[in-house]
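Each ligand, and each atom within it, is numbered from 1 in the order the structure gives.
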Amino acid sequence: MVQPIIAITMGDPTGVGPEIIAKALAEPAVQTVCRPLVLGDRKAMERGIAIAGQYLRLENVTELPPETPKPGVVYLRELSNLTEADLAYGNPTAATGDAMYRYIVTAAKLCLSGTVAAMATAPISKEALNRGGHHYPGHTELLAELTGTAEFVMMLAGSRLRVALVTIHEALAEVPNLVTFEKVLATIKVTDRDMARYFKKRPRIAVTALNPHCGEAGLFGSEDEQIIRPAVAEACRQGVDAVGPLSADTLFYYAARGDYDAVVCMYHDQGLIPLKLLHFDDGVNVTLGLPIIRTSVDHGTAYDLAGTGLANAASMVAAISMAADMAKVRMRQEIGHE
Ligand SMILES: NC(=O)C1=CN([C@@H]2O[C@H](COP(=O)(O)OP(=O)(O)OC[C@H]3O[C@@H](n4cnc5c(N)ncnc54)[C@H](O)[C@@H]3O)[C@@H](O)[C@H]2O)C=CC1
Ligand SMILES: NCC(=O)COP(=O)(O)O
(Lines give C-alpha, C1' and ligand atoms only; values in the text may rest on other atoms or scores of the structure.)
(Ligands and ions follow the chains in the order given, each with its own letter.)
Protein backbone atom coordinates (compact mmCIF):
# COMPACT_ATOMS: atom_id res chain seq x y z
CA MET A 1 0.00 0.00 0.00
CA VAL A 2 1.31 3.49 -0.89
CA GLN A 3 1.51 5.49 2.33
CA PRO A 4 -0.06 8.97 2.64
CA ILE A 5 2.20 11.97 2.12
CA ILE A 6 2.43 14.14 5.22
CA ALA A 7 3.77 17.67 4.79
CA ILE A 8 5.92 18.57 7.79
CA THR A 9 6.52 22.27 8.30
CA MET A 10 9.87 23.11 9.88
CA GLY A 11 8.48 25.80 12.19
CA ASP A 12 10.98 28.25 13.63
CA PRO A 13 14.41 27.29 12.22
CA THR A 14 16.05 28.92 15.27
CA GLY A 15 14.14 26.67 17.69
CA VAL A 16 14.05 22.91 18.20
CA GLY A 17 11.90 22.25 15.10
CA PRO A 18 14.59 20.96 12.70
CA GLU A 19 16.20 18.66 15.27
CA ILE A 20 12.94 17.10 16.47
CA ILE A 21 11.90 16.57 12.84
CA ALA A 22 15.24 14.83 12.18
CA LYS A 23 14.80 12.62 15.25
CA ALA A 24 11.21 11.82 14.31
CA LEU A 25 12.07 10.95 10.71
CA ALA A 26 14.74 8.54 11.89
CA GLU A 27 12.05 6.54 13.71
CA PRO A 28 10.83 3.44 11.85
CA ALA A 29 7.42 4.10 13.48
CA VAL A 30 7.18 7.24 11.35
CA GLN A 31 8.81 6.01 8.14
CA THR A 32 6.57 2.96 7.94
CA VAL A 33 3.24 4.82 8.28
CA CYS A 34 3.70 7.73 5.85
CA ARG A 35 5.83 9.45 3.22
CA PRO A 36 7.13 12.61 4.93
CA LEU A 37 7.80 15.79 2.93
CA VAL A 38 9.60 18.51 4.90
CA LEU A 39 8.85 22.12 3.99
CA GLY A 40 11.63 24.37 5.18
CA ASP A 41 15.21 25.55 4.88
CA ARG A 42 18.10 23.34 3.79
CA LYS A 43 20.78 24.88 5.99
CA ALA A 44 18.53 24.69 9.05
CA MET A 45 17.55 21.11 8.30
CA GLU A 46 21.18 20.02 7.72
CA ARG A 47 22.05 21.55 11.09
CA GLY A 48 19.07 19.84 12.74
CA ILE A 49 20.12 16.44 11.37
CA ALA A 50 23.68 16.92 12.64
CA ILE A 51 22.52 18.05 16.10
CA ALA A 52 20.09 15.17 16.36
CA GLY A 53 22.99 12.82 15.58
CA GLN A 54 21.06 11.01 12.88
CA TYR A 55 22.47 9.35 9.76
CA LEU A 56 20.03 10.97 7.39
CA ARG A 57 20.63 12.46 3.95
CA LEU A 58 18.71 15.45 2.64
CA GLU A 59 17.37 15.37 -0.90
CA ASN A 60 15.64 18.41 -2.36
CA VAL A 61 12.44 17.77 -4.31
CA THR A 62 10.45 20.23 -6.38
CA GLU A 63 7.24 18.24 -6.09
CA LEU A 64 6.73 15.16 -3.91
CA PRO A 65 8.70 12.33 -2.33
CA PRO A 66 8.87 9.17 -4.47
CA GLU A 67 6.30 6.39 -4.04
CA THR A 68 9.05 4.24 -2.58
CA PRO A 69 11.22 6.56 -0.47
CA LYS A 70 14.91 5.64 -0.11
CA PRO A 71 15.89 4.54 3.41
CA GLY A 72 17.67 7.26 5.37
CA VAL A 73 16.64 10.08 3.00
CA VAL A 74 14.72 13.15 4.12
CA TYR A 75 12.82 14.76 1.23
CA LEU A 76 12.81 18.55 1.46
CA ARG A 77 10.97 21.24 -0.43
CA GLU A 78 13.28 24.19 0.04
CA LEU A 79 11.12 27.25 0.66
CA SER A 80 13.69 29.61 2.14
CA ASN A 81 17.40 30.27 1.94
CA LEU A 82 18.05 31.96 5.25
CA THR A 83 21.36 33.57 6.17
CA GLU A 84 23.51 32.64 9.19
CA ALA A 85 22.14 35.75 10.94
CA ASP A 86 18.57 34.61 10.34
CA LEU A 87 19.42 31.20 11.80
CA ALA A 88 20.99 32.26 15.11
CA TYR A 89 19.38 30.06 17.77
CA GLY A 90 16.64 31.79 19.71
CA ASN A 91 16.86 34.97 17.65
CA PRO A 92 14.48 34.76 14.70
CA THR A 93 14.53 37.77 12.40
CA ALA A 94 11.68 39.20 10.33
CA ALA A 95 12.96 37.03 7.43
CA THR A 96 12.80 33.94 9.66
CA GLY A 97 9.25 34.85 10.69
CA ASP A 98 8.24 35.26 7.05
CA ALA A 99 9.84 31.88 6.19
CA MET A 100 7.78 30.10 8.90
CA TYR A 101 4.66 31.65 7.40
CA ARG A 102 5.56 30.39 3.91
CA TYR A 103 6.10 26.83 5.13
CA ILE A 104 2.62 26.81 6.67
CA VAL A 105 0.87 28.43 3.70
CA THR A 106 2.49 26.01 1.25
CA ALA A 107 1.50 23.01 3.37
CA ALA A 108 -2.09 24.25 3.62
CA LYS A 109 -2.27 24.71 -0.15
CA LEU A 110 -0.89 21.21 -0.74
CA CYS A 111 -3.53 19.82 1.64
CA LEU A 112 -6.36 21.81 0.08
CA SER A 113 -5.46 20.63 -3.42
CA GLY A 114 -5.22 17.02 -2.24
CA THR A 115 -1.56 16.85 -3.27
CA VAL A 116 -0.64 15.72 0.25
CA ALA A 117 -2.92 13.95 2.72
CA ALA A 118 -2.21 16.00 5.85
CA MET A 119 0.16 18.43 7.51
CA ALA A 120 2.07 18.18 10.80
CA THR A 121 3.67 21.34 12.12
CA ALA A 122 6.81 21.99 14.18
CA PRO A 123 6.60 24.95 16.58
CA ILE A 124 6.76 28.57 15.51
CA SER A 125 7.37 31.72 17.49
CA LYS A 126 4.14 33.67 17.22
CA GLU A 127 6.07 36.83 17.99
CA ALA A 128 8.46 36.20 15.07
CA LEU A 129 5.55 35.37 12.77
CA ASN A 130 4.07 38.76 13.58
CA ARG A 131 7.45 40.48 13.21
CA GLY A 132 7.64 38.88 9.77
CA GLY A 133 4.50 40.82 8.84
CA HIS A 134 1.91 38.08 9.36
CA HIS A 135 -0.52 39.08 12.04
CA TYR A 136 -1.91 35.86 13.46
CA PRO A 137 -1.86 34.52 17.02
CA GLY A 138 -0.80 31.06 15.81
CA HIS A 139 -1.09 28.32 13.19
CA THR A 140 -4.68 27.58 14.17
CA GLU A 141 -6.09 30.99 13.32
CA LEU A 142 -3.93 31.27 10.17
CA LEU A 143 -5.11 27.87 8.92
CA ALA A 144 -8.72 28.74 9.68
CA GLU A 145 -8.36 31.82 7.48
CA LEU A 146 -6.50 30.00 4.70
CA THR A 147 -9.19 27.31 4.56
CA GLY A 148 -12.16 29.67 5.01
CA THR A 149 -13.22 27.93 8.23
CA ALA A 150 -15.43 29.86 10.67
CA GLU A 151 -15.84 27.16 13.33
CA PHE A 152 -12.55 25.56 14.32
CA VAL A 153 -11.29 24.09 17.57
CA MET A 154 -7.85 23.59 19.10
CA MET A 155 -7.71 20.16 20.67
CA LEU A 156 -4.72 18.75 22.56
CA ALA A 157 -4.78 15.01 22.76
CA GLY A 158 -3.04 12.25 24.65
CA SER A 159 -4.05 8.69 25.44
CA ARG A 160 -5.45 9.66 28.87
CA LEU A 161 -6.88 13.13 28.23
CA ARG A 162 -8.17 15.23 25.34
CA VAL A 163 -9.01 18.91 25.81
CA ALA A 164 -10.80 21.22 23.35
CA LEU A 165 -10.72 24.99 23.82
CA VAL A 166 -13.60 27.47 23.55
CA THR A 167 -11.15 30.40 23.54
CA ILE A 168 -7.56 29.95 22.37
CA HIS A 169 -4.93 32.67 22.25
CA GLU A 170 -6.70 35.36 24.23
CA ALA A 171 -5.80 37.59 27.15
CA LEU A 172 -7.36 36.15 30.30
CA ALA A 173 -9.17 39.44 30.92
CA GLU A 174 -11.03 38.99 27.61
CA VAL A 175 -12.13 35.41 28.23
CA PRO A 176 -15.46 36.07 30.03
CA ASN A 177 -16.62 38.27 27.13
CA LEU A 178 -15.65 35.62 24.58
CA VAL A 179 -17.40 32.70 26.28
CA THR A 180 -20.73 33.04 24.47
CA PHE A 181 -23.59 30.56 24.00
CA GLU A 182 -22.76 30.29 20.28
CA LYS A 183 -19.03 29.72 20.84
CA VAL A 184 -19.54 27.08 23.55
CA LEU A 185 -22.14 25.26 21.44
CA ALA A 186 -19.97 25.39 18.31
CA THR A 187 -16.93 24.07 20.19
CA ILE A 188 -18.92 21.12 21.58
CA LYS A 189 -20.41 20.31 18.16
CA VAL A 190 -17.14 20.54 16.21
CA THR A 191 -15.42 18.41 18.87
CA ASP A 192 -18.19 15.82 18.69
CA ARG A 193 -18.26 15.72 14.90
CA ASP A 194 -14.52 15.44 14.29
CA MET A 195 -13.88 13.04 17.18
CA ALA A 196 -16.60 10.82 15.79
CA ARG A 197 -15.15 11.14 12.31
CA TYR A 198 -11.53 10.45 13.14
CA PHE A 199 -11.26 8.80 16.56
CA LYS A 200 -14.40 7.27 18.02
CA LYS A 201 -17.96 6.67 17.04
CA ARG A 202 -19.79 8.71 19.70
CA PRO A 203 -17.57 10.60 22.13
CA ARG A 204 -18.70 11.41 25.65
CA ILE A 205 -17.90 15.06 26.20
CA ALA A 206 -17.63 16.94 29.51
CA VAL A 207 -17.74 20.73 29.59
CA THR A 208 -15.93 22.75 32.27
CA ALA A 209 -17.36 25.65 34.21
CA LEU A 210 -15.67 29.02 33.85
CA ASN A 211 -15.89 29.97 37.53
CA PRO A 212 -15.01 28.12 40.75
CA HIS A 213 -17.78 25.74 41.88
CA CYS A 214 -19.73 26.47 38.67
CA GLY A 215 -20.29 30.02 39.96
CA GLU A 216 -21.80 28.87 43.30
CA ALA A 217 -25.36 29.84 42.26
CA GLY A 218 -24.23 33.22 40.99
CA LEU A 219 -22.03 34.19 43.94
CA PHE A 220 -18.84 33.86 41.84
CA GLY A 221 -20.11 34.70 38.36
CA SER A 222 -23.13 34.09 36.18
CA GLU A 223 -21.59 32.60 32.99
CA ASP A 224 -21.93 28.98 34.09
CA GLU A 225 -25.68 29.09 34.58
CA GLN A 226 -26.58 31.67 31.97
CA ILE A 227 -24.30 30.67 29.07
CA ILE A 228 -22.57 27.31 29.48
CA ARG A 229 -25.47 25.27 30.90
CA PRO A 230 -27.91 26.33 28.11
CA ALA A 231 -25.24 25.66 25.47
CA VAL A 232 -24.61 22.14 26.80
CA ALA A 233 -28.39 21.52 26.94
CA GLU A 234 -28.73 22.63 23.32
CA ALA A 235 -25.86 20.36 22.24
CA CYS A 236 -27.59 17.42 23.97
CA ARG A 237 -30.86 18.36 22.27
CA GLN A 238 -28.99 18.14 18.94
CA GLY A 239 -27.79 14.65 19.77
CA VAL A 240 -24.37 15.20 21.34
CA ASP A 241 -23.47 13.12 24.42
CA ALA A 242 -22.40 16.08 26.58
CA VAL A 243 -22.53 16.96 30.24
CA GLY A 244 -21.74 20.20 32.07
CA PRO A 245 -20.84 22.69 33.27
CA LEU A 246 -18.73 20.71 35.75
CA SER A 247 -16.25 22.28 38.17
CA ALA A 248 -12.86 22.31 36.46
CA ASP A 249 -10.96 21.57 39.67
CA THR A 250 -12.28 18.00 39.83
CA LEU A 251 -13.35 17.28 36.26
CA PHE A 252 -9.88 16.46 34.91
CA TYR A 253 -9.41 13.75 37.51
CA TYR A 254 -12.49 11.95 36.19
CA ALA A 255 -11.61 12.58 32.56
CA ALA A 256 -8.08 11.20 33.04
CA ARG A 257 -9.41 8.01 34.60
CA GLY A 258 -11.53 7.47 31.49
CA ASP A 259 -15.00 8.79 32.30
CA TYR A 260 -14.98 11.18 29.31
CA ASP A 261 -13.46 11.10 25.83
CA ALA A 262 -12.91 14.86 25.67
CA VAL A 263 -13.18 17.90 27.92
CA VAL A 264 -14.35 21.19 26.41
CA CYS A 265 -12.51 23.93 28.32
CA MET A 266 -13.20 27.64 28.47
CA TYR A 267 -9.65 28.94 28.05
CA HIS A 268 -6.12 27.94 27.06
CA ASP A 269 -4.46 27.28 30.41
CA GLN A 270 -7.57 25.66 31.94
CA GLY A 271 -7.13 22.83 29.44
CA LEU A 272 -3.40 22.85 28.75
CA ILE A 273 -2.19 22.66 32.35
CA PRO A 274 -3.78 19.24 33.04
CA LEU A 275 -2.97 18.07 29.51
CA LYS A 276 0.74 18.89 29.83
CA LEU A 277 0.88 17.45 33.33
CA LEU A 278 -0.11 14.10 31.84
CA HIS A 279 1.19 14.36 28.29
CA PHE A 280 4.02 16.88 28.10
CA ASP A 281 6.20 14.45 26.14
CA ASP A 282 3.72 12.90 23.75
CA GLY A 283 0.68 15.21 23.47
CA VAL A 284 -0.58 16.25 20.03
CA ASN A 285 -2.23 19.50 19.06
CA VAL A 286 -4.88 18.82 16.41
CA THR A 287 -7.04 21.45 14.75
CA LEU A 288 -10.64 20.25 14.46
CA GLY A 289 -13.19 21.71 12.08
CA LEU A 290 -10.83 22.35 9.15
CA PRO A 291 -11.41 20.81 5.72
CA ILE A 292 -7.78 19.60 5.93
CA ILE A 293 -5.94 17.47 8.48
CA ARG A 294 -3.49 19.37 10.68
CA THR A 295 -1.62 18.11 13.72
CA SER A 296 1.25 19.64 15.68
CA VAL A 297 3.55 19.18 18.61
CA ASP A 298 2.15 20.24 21.99
CA HIS A 299 5.18 22.38 22.88
CA GLY A 300 6.89 25.54 21.71
CA THR A 301 10.24 26.52 20.21
CA ALA A 302 12.18 25.63 23.39
CA TYR A 303 14.95 28.13 22.66
CA ASP A 304 16.71 27.05 25.85
CA LEU A 305 17.28 23.61 24.28
CA ALA A 306 17.71 24.53 20.60
CA GLY A 307 21.05 23.29 19.29
CA THR A 308 21.77 21.03 22.29
CA GLY A 309 20.28 17.86 20.83
CA LEU A 310 18.36 17.33 24.09
CA ALA A 311 14.85 18.12 22.83
CA ASN A 312 12.47 15.21 23.10
CA ALA A 313 10.90 14.30 19.73
CA ALA A 314 8.07 12.13 21.10
CA SER A 315 5.42 14.80 20.49
CA MET A 316 6.63 15.27 16.89
CA VAL A 317 6.50 11.50 16.35
CA ALA A 318 2.99 11.39 17.82
CA ALA A 319 1.85 14.35 15.69
CA ILE A 320 3.08 12.77 12.44
CA SER A 321 1.65 9.38 13.39
CA MET A 322 -1.74 10.89 14.24
CA ALA A 323 -1.79 12.82 10.95
CA ALA A 324 -1.10 9.56 9.09
CA ASP A 325 -3.83 7.72 11.00
CA MET A 326 -6.35 10.49 10.31
CA ALA A 327 -5.37 10.56 6.63
CA LYS A 328 -6.01 6.81 6.38
CA VAL A 329 -9.42 7.16 8.04
CA ARG A 330 -10.26 9.85 5.53
CA MET A 331 -9.00 7.81 2.58
CA ARG A 332 -11.19 4.88 3.69
CA GLN A 333 -14.19 7.20 4.05
CA GLU A 334 -13.60 8.67 0.60
CA ILE A 335 -13.59 5.28 -1.05
CA GLY A 336 -16.68 4.30 0.95
CA HIS A 337 -15.09 1.68 3.20
CA GLU A 338 -16.35 3.44 6.38
N1 LIG B 1 2.66 24.75 18.12
C2 LIG B 1 3.37 25.88 18.26
O3 LIG B 1 3.78 26.45 17.27
C4 LIG B 1 3.66 26.43 19.62
C5 LIG B 1 4.50 27.52 19.73
N6 LIG B 1 4.77 28.06 20.93
C7 LIG B 1 5.69 29.20 20.93
O8 LIG B 1 6.94 28.78 21.49
C9 LIG B 1 7.61 29.89 22.07
C10 LIG B 1 8.16 29.52 23.42
O11 LIG B 1 7.08 29.22 24.29
P12 LIG B 1 7.23 28.65 25.78
O13 LIG B 1 6.04 29.09 26.51
O14 LIG B 1 8.58 28.99 26.29
O15 LIG B 1 7.07 27.10 25.66
P16 LIG B 1 8.07 25.94 25.20
O17 LIG B 1 7.24 24.73 25.03
O18 LIG B 1 8.91 26.36 24.05
O19 LIG B 1 9.07 25.72 26.45
C20 LIG B 1 8.62 25.49 27.77
C21 LIG B 1 9.59 24.54 28.50
O22 LIG B 1 9.42 23.24 27.97
C23 LIG B 1 10.67 22.72 27.50
N24 LIG B 1 10.43 21.98 26.24
C25 LIG B 1 9.67 22.39 25.20
N26 LIG B 1 9.70 21.48 24.21
C27 LIG B 1 10.49 20.47 24.64
C28 LIG B 1 10.93 19.24 24.07
N29 LIG B 1 10.57 18.86 22.82
N30 LIG B 1 11.74 18.44 24.79
C31 LIG B 1 12.13 18.80 26.04
N32 LIG B 1 11.75 19.96 26.64
C33 LIG B 1 10.95 20.78 25.95
C34 LIG B 1 11.53 23.94 27.23
O35 LIG B 1 12.90 23.61 27.27
C36 LIG B 1 11.06 24.90 28.30
O37 LIG B 1 11.76 24.64 29.49
C38 LIG B 1 6.58 31.04 22.08
O39 LIG B 1 6.91 31.94 21.05
C40 LIG B 1 5.26 30.36 21.78
O41 LIG B 1 4.41 31.17 21.04
C42 LIG B 1 4.27 27.54 22.09
C43 LIG B 1 3.44 26.45 22.05
C44 LIG B 1 3.07 25.82 20.81
N1 LIG C 1 -0.24 26.35 23.30
C2 LIG C 1 -0.64 25.83 22.06
C3 LIG C 1 -0.26 26.72 20.98
O4 LIG C 1 0.12 27.84 21.20
C5 LIG C 1 -0.36 26.20 19.61
O6 LIG C 1 -0.81 27.19 18.77
P7 LIG C 1 -0.94 26.96 17.19
O8 LIG C 1 0.27 27.56 16.61
O9 LIG C 1 -1.09 25.50 16.96
O10 LIG C 1 -2.17 27.73 16.85
Check: Would you say G300 and ligand 1 have an N/O pair spaced under 3.5 Å apart?
Finding: yes

Check: Under 4.0 Å from any heavy atom of L272, which atoms of ligand 2 are there?
Finding: 1 (N), 2 (C)

Next item on the list: Identify, for atom 29 (N) of ligand 1, the protein heavy atom at the shortest distance, and state residue, atom and that distance.
Entry: N312 O, 2.9 Å

Check: Going by heavy atoms, is K126 under 4.0 Å from ligand 1?
Finding: yes

Note to self: Please state which option from K23, H299, H268 has its nearest heavy atom closest to atom 27 (C) of ligand 1.
What the structure shows: H299

Next item on the list: For S296, counting its heavy atoms only, list the atoms of ligand 1 lying under 4.0 Å from any of them.
Entry: 1 (N)

Next item on the list: Pull out every atom of ligand 2 sitting under 4.0 Å from any heavy atom of G138, numbered as shown with elements.
Entry: 8 (O), 10 (O)

Margin query: Is the positively charged end of R294 above the ring of F152, judged by distance under 6.0 angstrom from the centroid and angle within 45° of the axis?
Written below: no

Check: Is it the side chain (CB and beyond), the backbone, both or neither of P123 that lies under 4.0 Å from ligand 1, heavy atoms counted?
Finding: both

Margin query: Assess the residue pair F220 and H213 against the criterion (ring-ring contact (aromatic ring centres under 6.0 Å, His included)); give the C-alpha distance rounded to whole Å, side-chain angles, the decisive distance to 0.1 Å, and a yes or no.
Written below: CA-CA 8 Å; F220 314 145; H213 313 169; 5.7 Å; yes

Check: Going by atom types only, do Y303 and D12 share a side-chain donor-acceptor pair under 3.5 Å?
Finding: yes

Notebook entry, point to check: Are any of the N or O atoms of A302 closer than 3.5 Å to those of ligand 1?
Noted result: yes

Next item on the list: For A311, take its heavy atoms, then give the atoms of ligand 1 lying under 4.0 Å from any of them.
Entry: 30 (N)

Notebook entry, point to check: Taking atom types as modelled and ignoring hydrogens, do the side chains of D98 and H134 form a donor-acceptor contact shorter than 3.5 angstrom?
Noted result: yes

Notebook entry, point to check: Is there a donor-acceptor pair under 3.5 Å between the side chain of R35 and the backbone N or O of P4?
Noted result: no

Item checked: Atoms in ligand 2 with a heavy atom of H139 nearer than 4.0 Å -> 7 (P), 8 (O), 9 (O), 10 (O)

Notebook entry, point to check: Out of curiosity, does V329 fall in the hydrophobic cluster containing I320 (side-chain heavy atoms, cut-off under 4.5 Å, transitive links)?
Noted result: no

Check: Any side-chain donor-acceptor pair under 3.5 Å between E27 and Q31?
Finding: no

Checklist line | Backbone of A95 reached by a side-chain donor or acceptor of T93 within 3.5 Å | finding: yes

Next item on the list: Run the numbers for me: atoms of ligand 2, each under 4.0 Å from some heavy atom of H169, listed by number.
Entry: 3 (C), 4 (O), 6 (O), 10 (O)

Margin query: For atom 8 (O) of ligand 1, which of the options D298, D12, T301 provides the nearest non-hydrogen atom?
Written below: T301

Item checked: Chi angles and distances behind the side-chain contact (heavy atoms from CB on, under 4.5 Å) call for H279, S159 -> CA-CA 8 Å; H279 288 294; S159 56; 3.5 Å; yes

Notebook entry, point to check: Looking at H139, which atoms of ligand 1 are within less than 4.0 Å of one of its heavy atoms?
Noted result: 3 (O)

Margin query: Could you identify the single nearest non-hydrogen protein atom to atom 34 (C) of ligand 1 and state the distance to 0.1 Å?
Written below: D304 OD1, 3.4 Å

Checklist line | Enumerated ligand 1 atoms positioned under 4.0 Å from heavy atoms of S125 | finding: 39 (O)

Margin query: For E19, is there an ion pair with K23 - N to carboxylate O distance below 4.0 angstrom?
Written below: no

Check: Is the shortest distance from atom 14 (O) of ligand 1 to a protein heavy atom below 4.0 Å?
Finding: no

Check: Which ligand 2 atoms are under 4.0 Å away from a heavy-atom of H268?
Finding: 1 (N), 2 (C)

Checklist line | Side-chain H-bond candidate by donor/acceptor type, D282 with S315, under 3.5 Å | finding: no

Check: Given I205, which of V263, V240, D241, D261 fulfils the side-chain contact (heavy atoms from CB on, under 4.5 Å) condition?
Finding: V240

Check: Do protein heavy atoms approach atom 43 (C) of ligand 1 to less than 4.0 Å?
Finding: yes

Notebook entry, point to check: What distance do H268 atom NE2 and L165 atom CG have between them, rounded to the nearest 0.5 Å?
Noted result: 7.0 Å

Margin query: Using 0.5 Å steps for rounding, measure from the OH atom of Y267 to the CD atom of E174.
Written below: 15.0 Å

Item checked: Modelled atom types, side-chain donor and acceptor of D298 and N285, under 3.5 Å -> no

Note to self: Polar contacts were defined as any N/O atom of the residue lying under 3.5 Å from an N/O atom of the ligand; does this apply to K276 and ligand 1?
What the structure shows: no

Checklist line | Polar contact flag for I124 and ligand 1 (N/O pairs, less than 3.5 Å) | finding: yes

Check: Is there a nitrogen or oxygen of S296 sitting under 3.5 Å from a nitrogen or oxygen of ligand 2?
Finding: no

Check: When you look at CD of E334, are more than 12 heavy atoms from neighbouring residues, nucleotides or ligands closer to it than 6.0 Å?
Finding: yes

Notebook entry, point to check: Could a heavy atom of R294 be found less than 4.0 Å from some atom of ligand 2?
Noted result: yes

Note to self: Judged on heavy-atom distance to atom 5 (C) of ligand 2, which of N285, T121, T287 sits nearest?
What the structure shows: N285

Notebook entry, point to check: Of all the atoms in ligand 2, which lie at a distance below 4.0 Å from a heavy atom belonging to T140?
Noted result: 7 (P), 9 (O), 10 (O)

Notebook entry, point to check: Quick one: nearest non-hydrogen protein atom to atom 32 (N) of ligand 1, plus distance?
Noted result: L305 CD1, 3.3 Å

Notebook entry, point to check: What residue and atom, counting heavy atoms only, is the protein's closest point to atom 23 (C) of ligand 1, and at what distance?
Noted result: F280 CZ, 3.9 Å

Next item on the list: Would you check the N or O atoms of K276, main chain and side chain alike, for any that come under 3.5 Å of an N or O of ligand 2?
Entry: no

